[in-house]
Amino acid sequence: MAKVIVVTSGKGGVGKTTTAAAIGTGLAQRGHRTVVVDFDVGLRNLDLIMGVERRVVFDFVNVINDGIRLNQALIKDKRTEGLYILPTSQTRDKEALTREGVERVMEELKQEFDYIVCDSPAGIEKGAQMALWYADEAIVVTNPEVASVRDSDRMLGIVNSKSRRAELGLEPIRAHLLLTRYDLDRVERGDMLRLEDVVEILAIPVLGVIPNDPLVLHCSNLGLPVILEPKSKAGQAYRDAVARLLGEDVPLRFTKPERRGFFDWFMRRSA
Amino acid sequence: MSLLDFFRRNRGRRSAETAKQRLQVLVALDRSGGGGADFLPLLQKELLDVIRKYVEVDERRVKIELEQGKDLSVLEVNVEFPTARLRARAVA
């Protein structure tokens, strides 16, 4: 049975698209047929992060409104077997999505794929609600920072009340916390919220903690999902998160300080 | 940076703790329905109508403040008016 996962947050700029690209790629790497769908109508970026921007001809909105077939709009990823991208429109607005249209496309995707990863726009209004409408699970991307945590909490309220599952009285969407841009040094100095603090406030299970990693920007520059960069700690943490999403019990990494020698300590202090 | 600072750099900067406390208050308020301060303009108008029955009040001399806490919130209403007007009404 195909599973629909929404990557959402409320606040913008916390790493939703990076996460959607990484998790989608990771699921495909593990042998599951996966499609990543861009719901951010008007601010199309998923194709850019996944490096397929020059191959976009038709999009999600064309499929809903203009009689274009799904197969014409789906882009097959050349790097990862079994991975597809459904880009969105750069010129239309969020009004171009309707529940009926989204439901029709989702049902069709469910016939073809094991996982449908929906990349939500920022905000808590129509666009974001459309992205989570059909979801079975939600990945709530959060930075350890007050505005992001607060917005994630608001978004969780919407996930619990404004989804198809909520309205039909089905089992609620399973929400997971993905804490990104986690800077262990600042956490240890008491200058950044700890994982445990965020979990205490949001009260949802942890899917993963993604360390702050310069290679994330490097990969987005290249149009490469960070999970494909073996040297990247963020990439490794995303691989762990994918394993947990598949039900495996993987311990958290990058959440405790590594044992360091005196020299390290000295260098960091004087930095 | 003095040598003492070098060893003390970590002291007194625990902003994460403040962040957590602020968030706990804020999230509790959000969950209870958006902070609940939407009624303040109407409250101000109705309070003024009542007070005006007894005293002449200049609208610019009214200050309403709400301080929201985790368990307790304080609503403070300050109405200023010249003492003479109060006397005038009382006599009339």
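Below, read A as the first sequence line, B as the second, and so on, with proteins coming before strands; counting in each chain starts at 1.
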Notebook entry, point to check: So with a 6.0 Å cut-off around CZ of Arg253(A), is the heavy-atom count from everything else above 12?
Noted result: yes
Note to self: Heavy-atom count check: over 12 atoms from other residues, nucleotides or ligands less than 6.0 Å from Arg244(A) CZ?
What the structure shows: yes
Margin query: Heavy atom to heavy atom, less than 4.5 Å: which residues from residues 197-215 of chain A reach chain B?
Written below: Asp197(A), Glu200(A), Ile201(A), Leu202(A)
Notebook entry, point to check: Is it true that Arg31(B) and Asp153(A) have a side-chain N and a carboxylate O under 4.0 angstrom from each other?
Noted result: yes
Checklist line | Glu248(A), CD: over 12 other non-hydrogen atoms inside 6.0 angstrom | finding: yes
Checklist line | Shortest non-hydrogen contact from Ser15(B) toward Asp191(A) | finding: OG-OD1, 3.0 Å
Margin query: Does Arg164(A), at its CZ atom, have more than 12 non-hydrogen atoms belonging to other residues, nucleotides or ligands within less than 6.0 Å?
Written below: yes
Notebook entry, point to check: For chain B, which residues from residues 117-152 of chain A have at least one heavy atom closer than 4.5 Å to it?
Noted result: Val146(A), Val149(A), Arg150(A)
